[in-house]
Amino acid sequence: MDPFLETTGGLWYKTLVELMDGKRIAQTIRARIQEEVHQLKKHGIVPGLAVILVGDDPASVSYVTGKEKACAEIGIRSFDHRLPASTSPESLLQLIGHLNQDPEVDGILLQLPLPKGFPERQLLNFIDPEKDVDGFHPVNLGKLLLGEETFLPCTPHGILKILELEGIDPAGKHAVIIGRSITVGRPLMNLLSRKGAGGNATVTICHTGTPEVSVYTRQADILVVAAGSPRLVQGHMVKEGVVVIDVGVNRIPDSTKKSGYRLVGDVDFDSVAPKASKITPVPGGVGPMTITMLLHNTVLAAKKRMSTRGFQTEGLI
Ligand code: GUN
């Protein structure tokens, strides 16, 4: 069965709504990144990504495994650091310090959320901004805010790429984002409202302090939901023709599945899809794009390393 039809559990959506196939878009972009990796290797550079996972949160384990697999597929070397939740913040700082110095490591990713009690911000701030392929360091977030070139956070960047490759120009549109996280909502708000290609939208951001979210979602031309709440957005909360980007990945119990669960988004697909002009499925929408933009940032970091060694990187991109 077509994986999308299986995902959505129905046959008729495909004729009424256009699914934005993140997996297909990701494959196209990854083929280009793979070629860049190939070119770098000719110059003796193997891009390297260090991934740090603390604890055993099932969603995080699954994300990190996906990232490592994707690296292997396109020839990026990944350095895997899976640590128990009992790890001390001091030893985590020490590890980051070591990775900052390691010449084989171009990018460092600290998987979030960290288990309770870890000083998340302090740890992120300690990552060398030149290796901050997540784009979460204050220097890189500041550059993003100023519109300067930097590592763009992977999920917002992936969303911009989906819109671009689906031919949706946010300019002049009302984009409504639910969720104000540093991983998605806040950087995306800036990217969609900036002056220039892929921006120029009027952006509203809703969050847990918004009294009546549906007042805003009903006005959205583009609706991005990154709330971490299964099926939060229902059909009656959107207008006809809306473009919907569902960032949520939630596990809900399902006794018909071998694993005992299935994945659903933050959007109730069954009631929203019939009203939407385009929608991303879960899984197979935003997720593969997040990983792809991480690969992109890692190669970008490797190219920077190469240029500091005096290599000509022009023409490699
Ligand atoms: N957890 C969920 N999304 C992300 C991400 O983009 N980067 C990191 N480091 N952790 C995450």
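Atoms within a ligand are numbered from 1 in the order they appear, just like the ligands themselves.
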State which residues pass side chain to side chain contact (heavy atoms under 4.5 Å, CB included) with Thr256; sequence neighbours excluded, sorted by chain then number. Asp254
In terms of heavy-atom contacts, does NZ of Lys69 have more than 12 from other residues, nucleotides or ligands at under 6.0 Å? no
If you define the side chain from C-beta out and look only at heavy atoms, does anything of Leu112 sit under 4.5 Å from Phe136? yes
Tell me, which pairs form a salt bridge (charged side-chain N to carboxylate O under 4.0 Å, His left out) where one or both residues lie in residues 134-156, sequence neighbours left out? none
Say whether Thr208 and Arg180, considering side chains only, have a donor N or O and an acceptor N or O under 3.5 Å apart. yes
According to salt bridge (Lys or Arg N to Asp or Glu O under 4.0 Å), who are the partners of Arg82, at least two apart in sequence or on a separate chain? Glu68, Asp80
When you look for protein heavy atoms under 4.0 Å from ligand 1, which residues do they belong to? Leu109, Leu110, Gln111, Leu112, Asp134, Phe136
